[in-house]
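Notes follow the structure.
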Amino acid sequence: MEVITSSDDGGAVRTKEVKAFGTAAADANLQQMSIRRREFQVQDVEIEILYCGVCHSDLHTARNEWHGTKYPCVPGHEIVGKVTGVGGEVTKFKVGDLAAVGCMVDSCHDCDYCKEGLEQFCAAGNIQTYNSHDKYIGAETYGGYSESIVVTEDFVLRVPENLDLPATAPLLCAGITTYSPLKHWNVGPGVKVGVVGLGGLGHMAVKIAKAMGAEVVVYTTSPSKVEDARKLGADDVVLSKDKEQMKRYKGKLHFIIDAVSAQHDINSYLKLLRVDGSLVLVGAPEHPLPVAAFNVITHRRTLAGSSIGGIKETQEMLDFCGKHNIVSDIEMIDINQINEAYERLLKGDVKYRFVIDMQSLKSG
Ligand code: NAP
Ligand code: ZN
């Protein structure tokens, strides 16, 4: 049913109902619900969602682990699909094209950061794909666990045609979140990189760092992932629960990307860095991680963080993955398996990204 709602600037915007999967409370399971999407405006691209990756951030948000979730919450920010409508001012997409949407759907376009292509740091706050204010319809933004989405053209990405489409979806968050810091910290030939946590982000970090020419050591808590890590391209694998193995690269790594979603001891990783080495947190556990000052004072080490990546860089990453034939290793699920998939994520039991076949929502 069509309903007219009011945008933040007072304009009337037509909306239509679409099927989605989301949650009404932090302690509730995800279930089918209906949400409203605006009819595409002049600068908008309307996308039928074919596949959506399942990021651990979806779980953190659905369960309010970062303490800012508005309900109902429809997660999903690794979206690929087909264009079903374009506004009159859209120039880069036409109906029938493949298109992708990542973690952001808009920003102010005007601050220094947006002008530099760093929309993730927009001074006014970027508009995230879910759980942000939707200025068009005066509600929350709803993510990719849904039939369709409408996004302003500047935040819609092109998908390399040579890549397997479902396995491309995770590049939209796991891909860019690892590509961006690897590039920013000049990872390449001659650089020894540690990847901590072999989940969705971690396995993409391994593939991308190898394609950039680095030497890669994986740190995992899961004995069942040791062989896989090598198959993914790692030069060496360390079982992080084994104290002897943890001594192997003490003071030897140039760069570490930490993609762990839960509480863990980052001090044992800081000690692995050489002088001037950097440990970059991309994982965002619910609670603070203690740091012993001497682990950064000695060796002049840096502890840093990194947030997704800008739109231009996301397209660059997609093109890089197209060129190097990099996609995610995925386990395809039906939308009705999403609650079980979240439980498996909590146990680190994912190899290496769940991707929802959105056909299962349409036919459900
Ligand atoms: P994921 O697929 O669930 O992977 C997380 C991995 O962390 C697990 O597979 C496991 O690897 C390890 N792990 C889990 N619990 C652990 C524990 N208690 N101790 C030690 N290791 C543990 O998650 P993801 O989707 O890759 O996301 C990872 C984190 O990045 C999440 O916190 C997510 O919210 C965050 N994130 C941040 C950004 C950003 O912009 N910075 C973007 C996206 C996601 P092993 O089995 O190998 O130990
Ligand atoms: Zn994500």
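One-based numbering, in listed order, for ligands and for the atoms of each.
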Q. Has ligand 1 got any nitrogen or oxygen that is less than 3.5 angstrom from a nitrogen or oxygen of G202?
A. no
Q) Do Y145 and D58 have side-chain atoms, one donor and one acceptor, less than 3.5 Å apart? A) yes
Q) Hey, is W66 touching ligand 1 through its side chain, its backbone, both or neither, going by heavy atoms under 4.0 Å? A) side chain
Q) Tell me, which protein residue and heavy-atom name are nearest atom 43 (C) of ligand 1, and how many Å apart are they? A) C173 SG, 3.3 Å
Q.
Whether R353 and E78 form a salt bridge (side-chain N of Lys/Arg under 4.0 Å from carboxylate O of Asp/Glu) is what I want to check.
A. yes
Q.
Looking only at the side chains, is there a donor atom on one of Q315 and D319 sitting less than 3.5 Å from an acceptor on the other?
A. yes
Q | Part of A259 within contact of ligand 1 (heavy atoms, under 4.0 Å) | A | backbone
Q: State whether the side chain of S278 and the backbone N or O of V280 hold a donor-acceptor pair below 3.5 Å, judged by distance alone.
A: no
Q. Against heavy atoms of A262, which atoms of ligand 1 measure under 4.0 Å?
A. 15 (N), 16 (C), 17 (C), 18 (N)
(Q) Between H133 and D8, do the side chains contain a donor N or O and an acceptor N or O under 3.5 Å apart? (A) yes
Q: Determine whether the side chain, the backbone, both or neither of S306 has a heavy atom under 4.0 Å from any heavy atom of ligand 1.
A: backbone
Q: Could you tell me whether H60 and ligand 1 have an N or O pair separated by under 3.5 Å?
A: yes
Q) Between Y219 and Y269, how do the two ring planes meet: parallel, tilted or perpendicular, split at 30° and 60°? A) perpendicular
Q) Taking non-hydrogen atoms only, is T177 closer than 4.0 angstrom to ligand 1 via side chain, backbone, both or neither? A) side chain
Q: Could you tell me whether H56 approaches ligand 1 through its side chain, its backbone, both or neither, with non-hydrogen atoms closer than 4.0 Å?
A: both
Q. How would you list, by chain and number, every residue that makes a ring pair (Phe, Tyr, Trp, His ring centres under 6.0 Å) with H60, sequence neighbours excluded?
A. H56, W66
Q: Flag yes if more than 12 heavy atoms outside D276 fall under 6.0 Å of its CG atom; otherwise flag no.
A: yes
**Q.** Numbered atoms of ligand 1 (with element) below 4.0 Å of T220, judged on heavy atoms
**A.** 45 (P), 46 (O), 47 (O), 48 (O)
Q.
Checking contacts here: is it the side chain or the backbone of K225 that comes within 4.0 Å of ligand 1, counting heavy atoms only? Could be both or neither.
A. side chain
Q: Output yes when the distance from some N or O of ligand 1 to some N or O of L198 is under 3.5 Å, and no in every other case.
A: yes
Q.
Centre-to-centre under 6.0 Å for Y249 and H254, is that the case here?
A. no
Q. Out of R36, E147, K362, E48, which one pairs with V18 under the side chain to side chain contact (heavy atoms under 4.5 Å, CB included) rule?
A. E147
Q. What atoms in ligand 1 come closer than 4.0 Å to a heavy atom of V282?
A. 30 (O), 35 (C), 36 (N), 37 (C), 38 (C), 39 (C), 41 (N)
Q: Could you tally the protein N/O/S atoms lying less than 2.8 Å away from the Zn ion (ligand 2)?
A: 3
Q | Exercise: do Y179 and E316 side chains pair donor with acceptor under 3.5 Å | A | yes
(Q) Checking R37 against S146: is there a side-chain donor and acceptor pair closer than 3.5 Å? (A) yes
